[in-house]
Amino acid sequence: METKIETNLELVQARIESHIDTLSTFTATPGKGTTRLTYSPEDLQARQYIKSKMEEYGLTVQEDGFGNIFGKLEGTLKGAPSVLIGSHFDSVPNGGSYDGPAGVVAGLEVAALFIENKLTPKYPLEVIALIEEEGSRFGGGLMGSRGIVGLLDEESFNRLKDKDGIYAVDAMKKIGLDPSLPKKRDPKTMKAYLELHIEQGPILEEKDIPIGVVEAIVGLTQLEVTVKGQAGHAGTTPMDRRADALVTAAKMIAQFPDLAETEGEGTVVTTGSLSVFPNGANVIPDRTVFSVDIRSGKEENVLNVIQKVKDLADSYSKQGIKVSVEQLLYIQPKEMNKDIVSLLKRKSSELGIPKCSINSGAGHDAMVFSDFTNVGMLFIPSKDGLSHCPEEWSDSRHIANAVQVLYEAAKKLTEAE
Ligand SMILES: [Zn+2]
């Protein structure tokens with residue numbers, strides 16, 4: 001049998017551009033990037049656009065009690081779980097046009113291809129557009145996905161306020177949403193979750209590879225290291241009589257890049273915050289407090305680095321210096337579903353689209369869903385690795401490529417014919 005050409009790539013690409021351009025106009029800061037906070041007037045505009053496209057494409061549109069949007073293409077199996085595909089549609093203040101929307105738009109276009117090619121899926125296909133992934137209005141982040149899987153209960157949601165003291169429920173009602181609609185979704189109603197996202201880093205662009213198949217979303221650890229020494233006069237204390245808390249901190253921090261490199265496999269270690277006390281130009285510091293952010297796709301790497309930082313702390317605790325390490329945050333790395341990862345790779349190869357494995361250094365809704373359903377994620381290149389800024393840009397051709405891969409994967413997962 002001859003292979004039918006099922007996707008008109010140029011047409012899909014043109015529609016993607018038009019969606020992205022339109023969505024980017026729904027911003028509170030025109031000319032200064034996308035600022036689309038959850039339950040804002042711009043949220044409402046984007047929401048209406050996404051819903052109208054879902055309807056135009058023939059999907060059944062529903063919203064839940066958080067304002068997440070679902071566009072469903074029914075399957076032939078009664079009550080069967082859905083293959084979800086989408087991302088979030090909120091933004092950070094003065095962010096870009098692609099972080100979030102690229103994935104929502106990809107979901108829309110996968111559904112459009114199902115319909116244009118008159119596919120009949122056994123399992124439903126659901127395009128989803130999630131709220132408040134960035135946490136820019138209500139903090140915490142990943143709110144839409146956490147809500148769907150039941151990690152954000154009714155009571156906690158009712159208590160949520162933005163920085164101006166406006167309750168989330170009131171903000172919802174203000175744009176015509178109904179917080180009394182069902183919120184949590186039974187994991188049994190989900191067969192898989194697929195998400196396309198921009199990489200937000202330089203790797204794919206540097207390698208000149210259009211598709212990154214995400215293997216894992218990195219775990220995240222934050223340590224707080226406190227070094228205690230002895231204050232003293234900068235002029236009268238001889239060098240060999242000092243217990244300088246800053247010099248010790250500096251020696252430790254200087255070793256972190258090597259430590260990360262030795263661990264390998266993409267492990268990264270960062271100190272981004274350092275406080276010096278008493279912080280006077282003529283006083284030997286008696287205390288420093290600094291952060292250590294450790295990330296890796298493999299939990300083993302993260303645990304090794306934590307241990308090495310602790311060992312380092314012990315080795316510097318001498319001659320009037322005391323170093324202590326406190327763990328403030330620990331999030332396990334989330335591996336993507338192995339079968340979906342290989343499915344996405346296989347489909348990329350079959351389509352002749354170069355791909356590579358990649359880890360996600362940032363958190364995504366896929367991370368939340370991964371504890372409840374089978375999750376797969378694709379990255380496309382970010383120009384200059386930039387994101388969360390107005391310069392954020394990705395090639396619509398890359399989004400169209402990803403749509404093709406996701407379409408083929410979704411066909412398989414929904415058992416469409
Ligand atoms: Zn995002």
Side-chain angles (χ1 to χ4, degrees), residues 16 19-20 23-24 26-27 29 33-40 42-43 46-47 50 66-69 84-108 127-149 151-152 193-205 211-214 216-218 220 295 331 334 336 358-370 375-396 398-399 402-403 406:
I16 288 167
H19 296 318
I20 296 274
L23 286 168
S24 72
F26 307 138
T27 170
T29 53
T34 300
T35 303
R36 189 163 51 242
L37 300 187
T38 302
Y39 312 144
S40 65
E42 297 75 34
D43 169 316
R47 176 181 298 282
I50 293 165
F66 297 107
N68 292 309
I69 312 167
L84 305 171
I85 179 164
S87 192
H88 63 96
F89 69 102
D90 63 316
S91 82
V92 295
N94 305 101
S97 311
Y98 296 84
D99 179 355
V104 173
V105 161
L108 280 174
V127 180
I128 79 170
L130 297 156
I131 57 144
E132 192 67 358
E133 188 270 349
E134 303 286 4
S136 299
R137 181 158 187 189
F138 298 104
L142 305 167
M143 195 168 110
S145 49
R146 283 193 297 122
I148 290 173
V149 299
L151 295 176
L152 176 65
Y193 173 78
L194 301 174
E195 180 169 0
L196 165 76
H197 204 279
I198 57 168
E199 182 200 337
Q200 305 180 274
I203 297 169
L204 292 175
E205 186 180 61
I211 294 275
V213 179
V214 177
I217 298 179
V218 300
L220 167 60
R295 301 179 194 218
I331 299 171
K334 302 281 183 194
M336 301 292 98
I358 194 165
N359 279 339
S360 170
H364 294 291
D365 291 304
M367 184 166 130
V368 175
F369 283 113
S370 71
V375 167
M377 197 169 186
L378 291 184
F379 276 176
I380 49 160
S382 291
K383 186 170 189 292
D384 301 326
L386 292 173
S387 81
H388 284 191
C389 56
E391 293 77 23
E392 178 183 284
W393 187 85
S394 287
D395 193 330
S396 58
H398 290 156
I399 304 179
V403 164
L406 291 169

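Every heavy atom of this structure was used, including side-chain atoms; hydrogens, water molecules and symmetry mates were not. Computed from a prediction, not measured in an experiment: that's the story for all the values here. Counting starts at 1 for both ligands and their atoms, following the listed order.
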Mind telling me whether His364 and Phe379 have parallel, tilted or perpendicular rings, with 30° and 60° as the class edges?
perpendicular

Could you note down all residue pairs passing side-chain hydrogen bond (donor to acceptor under 3.5 Å, both in side chains) where residues 377-387 supplies at least one of them, sequence neighbours left out?
Gln200-Ser387

For N/O/S atoms only: which one belongs to Asp99 and is nearest the Zn ion (ligand 1)?
OD1

When you measure from the Zn ion (ligand 1) to each N, O or S atom of His197, which atom gives the shortest distance?
NE2

Indicate whether any N or O donor in one side chain lies under 3.5 Å from an N or O acceptor in the other, for Asp365 and His88.
no

Sorted by chain and number, sequence neighbours left out, side chain to side chain contact (heavy atoms under 4.5 Å, CB included) with Ile69 holds for Arg47, Ile50, Lys51, Met54, Val61, Glu63, Phe89, Ala129

With a cut-off of 2.8 Å, does His88 put an N/O/S atom close enough to the Zn ion (ligand 1)?
yes

